[in-house]
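Encoded as structure tokens, the structure appears first; notes follow it.
What's counted below: heavy atoms across the whole structure, side chains too, no hydrogens, waters or symmetry copies. What you see is a predicted model; the values in this text were computed from it and never measured.
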Amino acid sequence: MKVENPTLFIIFGGSGDLAHRKLYPALFNLYRNGYINEKFAVIGTARRDWSDDFFRDTVKESLKKFCEDEKTVDEFIGHFYYQSHDVNDSEHYIILKKLAQKLNDQYELEDNRVYYMAIAPSLFGTVAGHIKSEDLMTKNGFNRLVIEKPFGHDFESAKALNDEISQTFDEQQIYRIDHYLGKEMVQNIPVLRFNNPVFETIWNKDYISNVQVTLAESLGVEERGGYYDGTGALRDMVQNHIMQILAQLTMEKPNEFTSQKVHESKKALFASLKMLTPDEVDANFVRGQYGTNQNQTQISYREGLNIDPDSETETYVAGKVMFDNDTFKGVPFYVRTGKRMPEKSTRIDIVFKKEVKNIFPTLDTDAIKENVFSIIIEPDQGYELLMNGTKVGMNFETTAFDMAYKHTNAQLDQVPEAYERLLINVLDGDQTNFTHWDELLSTWKYIDVIRQKWDETPISFPNYRSGSVGPKDADELLSKDGNSWFWQG
Ligand code: BG6
């Protein structure tokens, strides 16, 4: 039996693409699964002049592919209300407040409010300021702010944004979404590390040679050029998703897996990030931009919609991240992410040291492979372990084989969407899987050095073909350390 969470959701940017694509389907699943039931209401706000009915129709449309049961959808959208809203106009917040109070009483929402910013980050501060000045926060229930990335453009802008929203909301009320932290296999990493003594003992510099984090996408930038061309892969994927995956992989074991303890661990971890100097950037980070594919049937990045034809924005990044702490000192964490790679593949490959004394006189020492433990995040979900053994037969020859576990299709059907899981966390008041300000502060400072160096150094793009694994330099990044990428596309 799920506990009902009476809540009013106020969605700024309620007419937008993000809300329709991610948020409403996630809310609908919460509804179907009983996390919200009778006692909830949603106010969508945006500039456009829409009626409640029109708004409900758009929400219904966005749910079409998820549910054929029209009655349930109609009941659900009956809880939706729309308010045309200019974020700069105080009067509009007063109207919003009245509507919020009315719905609070009508649906018995116990003064609980979630403010969801599905709008441009430049407006977060303005909206938060008005929530305070027009007194929208309730006294008795909870007031929680949910914000989407990008959270700033660099350290300075992130800090300015944080200072603005902190005038209204405490850190305990702010839920910064990183949807990778809502993924099944990403949430699984700490459990795997801390509940398996077999891994706990070897998860350190004594046993691990290097770690490889790959977030490969087959799609290009598609219709998001307007956003992407001013952002690039470093800010879009590395500063947030990759850094959070690294934290899941390397944070010290918290005494207890609670939001506070996990964040203390992550904060310490990010504080130990080995900062690069501008002179070290080129030797440790590689950028790329996709051109057309081999048959020239796909357009290059620069030919995309709303993209500068001379753009130097990177659609690919590979880098070597190091930590200055006792556990991982000297272990390279190679990370890479790119658009238009051969396939969608999100995975972590942990390569162990090959320090075996071969006592079998007939076995070829060179044929012994490094053990590699892979965490497959998406689209498949599972684990693989590359091990050494013998070939079947009389010859007693060494061979490597793969031990693999995969979630079944039936299990994959049960995997909740990242947004759904994270929204439940918001309702439960559990911030464990959200990004705290201390973490952002360190990761932005780390990223800023690379960004600044790149911005000062012209580059010849495109430098990788659509459908390939990325630029050549990304291979050299590892080969000069005597390593190579385990996943080859
Ligand atoms: C988003 C980025 O945060 O993550 C996109 O803005 C990227 O550019 C997306 O495509 C990838 O997410 P997922 O869940 O599809 O791996």
Would you check if the distance from the ring center of [X] to the ring center of [Y] is below 6.0 Å?
| X | Y | answer |
| --- | --- | --- |
| Tyr290 | Tyr301 | yes |
| Phe66 | Phe28 | no |
| Phe9 | Tyr115 | no |
| Phe199 | Phe373 | yes |

Where at least one partner belongs to residues 182-192, residue pairs that pass side-chain hydrogen bond (donor to acceptor under 3.5 Å, both in side chains), sequence neighbours excluded: Lys183-Glu378, Glu184-Arg421, Asn188-Tyr383

Shortest non-hydrogen contact between Glu314 and Tyr228, atoms and distance: O-OH, 3.5 Å

Is the shortest side-chain N to carboxylate O distance from [X] to [Y] below 4.0 Å?
| X | Y | result |
| --- | --- | --- |
| Asp481 | Lys320 | yes |
| Asp154 | Arg451 | no |
| Lys406 | Asp380 | yes |
| Asp438 | Lys266 | no |
| Lys261 | Glu256 | no |
| Asp178 | Arg176 | no |

Axial cation check for Phe142 ring with Arg144, 6.0 Å and 45° limits: yes

Phe155 six-ring face occupied by Lys445 cation (under 6.0 Å, within 45°): yes

Identified side chain to side chain contact (heavy atoms under 4.5 Å, CB included) counterpart of Ile424 within the set Leu427, Val426, Leu422, Asp428: Asp428

More than 12 heavy atoms from other groups under 6.0 Å of NZ on Lys480: yes

Donor-acceptor under 3.5 Å (Thr292 side chain, Gln298 main chain): yes

Indicate yes or no: at least one non-hydrogen side-chain atom of [X] is less than 4.5 angstrom from one of [Y].
| X | Y | answer |
| --- | --- | --- |
| Pro254 | Phe194 | yes |
| Thr45 | Ile11 | no |
| Ile165 | Ile174 | yes |

side-chain contact (heavy atoms from CB on, under 4.5 Å) assessment of Leu27 paired with Leu423: CA-CA 8 Å; Leu27 281 174; Leu423 280 174; 4.1 Å; yes

Phe333 vs Phe323, ring-ring contact (aromatic ring centres under 6.0 Å, His included): CA-CA, chis, key distance, verdict: CA-CA 9 Å; Phe333 286 78; Phe323 294 98; 5.3 Å; yes

